[in-house]
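Take a look at this one; I'll ask things after.
Reminder, nothing fancy here: chain letters follow the sequence lines and each chain counts from 1. Keep in mind the model is a prediction, meaning the values are calculated, not measured.
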Amino acid sequence: MTEKVRVRFAPSPTGHLHIGGARTALFNYLFARHNNGAFILRIEDTDRSRSTDEYIEAIIEGMKWLGLDCDEGPFRQTDRFDVYRSYVDRLVKEGKAYYCYCSSEELEERRRLALATGKMPKYDGRCRNLKEPVPGEIPAVRFKIPLEGQTIVDDLIRGTVVFENNQLDDLIILRSDGTPTYNFTVVVDDVDMKITHVIRGDDHLNNTPKQIHIYKALGYNIPKFAHLPMILGSDKTRLSKRHGATSVMAYYEMGYLPDALVNYLVRLGWSYGDQEVFSREELIKCFSFDNVGKAAAIFNPEKLLWLNSQYIIHSPSERLAELVMPFLVKEKIIGEGQDIDRKWLSKAIDTLKERSKTLVQLANTLRYYIAEEVEYNEKAKDKFLNEKSRELLIELKNSIASVPDFSHQALEIIFKSIVEKHGVKLKDLAQPVRVAITGGTESPGIFEVLEIVGKEKTLRRLEKAIKTIVCPHFP
RNA sequence: GGUCCCAUCGUCUAGAGGCCCAGGACAUAGCCCUCUCAAGGCUAAGACACGGGUUCGAAUCCCGUUGGGACUACCA
């Protein structure tokens, strides 16, 4: 009987939930769900000067939007300072940690000197065997790393990684102001929270041997580790604002579906044969570290956009109708609080979803269905609303007005007969009508468009288009 | 500088010694469909970083080189 899987996502609230953090959270979430384990959220806010409550909220909001719900937490490390201090005291009593009276300035100076003379900038251990306190200095607490031997990290993704202990610094675990530091709190919390698998970014691999020594000093079992490859920007440097939007919620704003982002993120580093699109259930079922890659991946917004368009195409229009509502308001297509008939909206979306890559785009193309009036694109107007089309438009208007049936099929018959009568191509009529009804030259099939716009608005817009055309013979 | 990690088309990746003169997806180009724009279909171009081994045989194993990244804080 193996113990229950427990994993955690442990962001520090010094910014919004970003792409890299979201991917780490996602892999934790999938691993937990796959194994019927627990997914825990822990806020690592021991750096009080950089952490804010606002960012804690932002992180929770981002995870909620992505549907990465946790089973326990959020826990905050600032609520647990007493716990950390008791562990520190224990280590000091047992001689596994010691007071260090070197000031930050001295340390900085020594490091600078070491670097300048090409030496390793390592703590020289001068307080390691101190017997007496140094008066006038408030000490920090350092953890004793064994001077020799090796530490082996057995990583689920990297395999066996060996570190020489003499390369490892005696790290500070309690600052002179009495607050604990990351490498210590992470171990204490993972122990207290009974974390079985530590799944985190590659950037923590080098911290792992130090943490292993802390586990050992405390006498606890060492969890399994899985270090995920990084996500980089287009220039192969760490993903940052320079590469465009990095905050997860920015993708909400841009009209992305959370499942599309999740699908994109999971394929950065993980694969399942040639499959590209996965439902949430499939992800949970298929996810394993066996097919997580080792190499860093470059974030590619184009592929994310494609995936988003796929998710929009395959989402039920009723669902898209709900999702697009805030964007209709934001794009000022409907007023705040204004409602819209969802059945009609869904039908409109049926025609639009395969040409919308984002909800923002979808909202904007819905504009000509919803608005009372359309504005013409100048180039389109000049090209298609002219003397040649005027006659056709007049005839169409009259036909439509005189025929009670306004269905897709009825419209097709009307169009065909006008086209045949004048010996022109369908497009010679369809394009001017398209401009008259939508204001532009791109839209779904013209019969569908008219059907959704409705007879009344269609006639009104045709009338307006006809009037717009200045006829040189009758100025 | 030291330590550690990594290396297949522009990008994400498949590939567990012969199935690979390397497969899929995005992006790009062309064609088809067509009332426009999409979607869809078909096709094209495009990669095993380099050099040594091991082996009958290497993208796959080993070593080196090069390149990239991370860490080297009283940040996380």
>> Within the 4.0 Å heavy-atom criterion, would you say A/Asn207 contacts the bases, only the backbone, or no part of the nucleic acid?
In response: base
> How would you list all residue pairs meeting salt bridge (Lys or Arg N to Asp or Glu O under 4.0 Å) that involve residues 254-272 of chain A, not counting sequence neighbours?
Replying inline: A/Asp259-A/Arg280, A/Arg267-A/Glu276
>> Between B/A47 and B/A27, how many Å separate the two C1' atoms, rounded to a whole number?
In response: 15 Å
>> Within the 4.0 Å heavy-atom criterion, would you say A/Phe299 contacts the bases, only the backbone, or no part of the nucleic acid?
In response: nothing
>> Base contacts versus sugar-phosphate-only contacts with protein, heavy atoms under 4.0 Å: please encode nucleotides 33-51 of chain B as B, S and - from 5' to 3'.
In response: --BBBBSS-----------
>> When the C1' atoms of B/C26 and B/C62 are compared, how many Å lie between them, rounded to an integer?
In response: 36 Å
>> Can you confirm whether A/Lys383 is buried at NZ, in the sense that more than 12 heavy atoms of other residues, nucleotides or ligands lie under 6.0 Å from that atom?
In response: no
> Base, sugar-phosphate, or nothing for A/Arg158, non-hydrogen atoms under 4.0 angstrom?
Replying inline: sugar-phosphate
> When rounded to the nearest Å, what value does the distance between P atoms of B/A22 and B/C33 take?
Replying inline: 32 Å
>> Nearest to the side chain of A/Asn300, heavy atoms from C-beta on, is which of B/U11, B/A76, B/C12?
In response: B/U11
> Under the side chain to side chain donor-acceptor pair (under 3.5 Å) test, which residues partner A/Asp170, sequence neighbours left out?
Replying inline: A/Tyr98, A/Arg128
> Given the P atoms of B/G15 and B/U8, what is the spacing between them in whole Å?
Replying inline: 14 Å
> Given the C1' atoms of B/A59 and B/C20, what is the spacing between them in whole Å?
Replying inline: 9 Å
> In this structure, are over 12 heavy atoms from other groups packed under 6.0 Å from A/Glu412 atom CD?
Replying inline: yes
> Does B/A70 have a Watson-Crick or wobble mate here (both distances under 3.5 Å), and if so which one?
Replying inline: B/U3
>> Taking B/A14 as the reference, what is the distance to B/G23 when you measure between their P atoms (whole Å, please)?
In response: 15 Å
>> Using the P atom as the point on both nucleotides, what is the distance between B/C63 and B/C5, in whole Å?
In response: 11 Å
>> By the 4.0 Å heavy-atom rule, please label A/Val419 as base, sugar-phosphate, or nothing.
In response: nothing
> Could you run down nucleotides 65-70 of chain B 5' to 3' and tag each one B, S or - for protein heavy-atom contact under 4.0 Å?
Replying inline: ----SB
Contacts table for residues 443-454 of chain A: side-chain donor-acceptor under 3.5 angstrom, sequence neighbours left out:
unit_1	atom_1	unit_2	atom_2	d
A/Ser443	OG	A/Arg434	NH1	2.8
A/Glu448	OE2	A/Gly445	N	3.3
A/Glu451	OE2	A/His408	N	3.3

> Checking all strands, does A/Ser271 fall into the base, sugar-phosphate, or nothing category for heavy-atom contacts under 4.0 angstrom?
Replying inline: sugar-phosphate
> Which of residues 103-111 of chain A sit near RNA chain B, with a heavy atom under 4.0 Å from it?
Replying inline: A/Ser103, A/Ser104, A/Leu107, A/Arg111
>> Can you tell whether the side chains of A/Glu420 and A/Lys416 come within less than 4.0 Å, N to carboxylate O?
In response: no
> Starting at CD of A/Gln275 and ending at P of B/U13, how long is that distance when rounded to a whole Å?
Replying inline: 16 Å
>> Between B/C74 and B/C12, how many Å separate the two C1' atoms, rounded to a whole number?
In response: 41 Å
> Just checking A/Glu44: base, sugar-phosphate only, or nothing, at a heavy-atom cut-off of under 4.0 Å?
Replying inline: sugar-phosphate
> Which part of the nucleic acid, if any, lies within reach of A/Cys102 when heavy atoms closer than 4.0 Å are counted: base, sugar-phosphate only, or nothing?
Replying inline: base
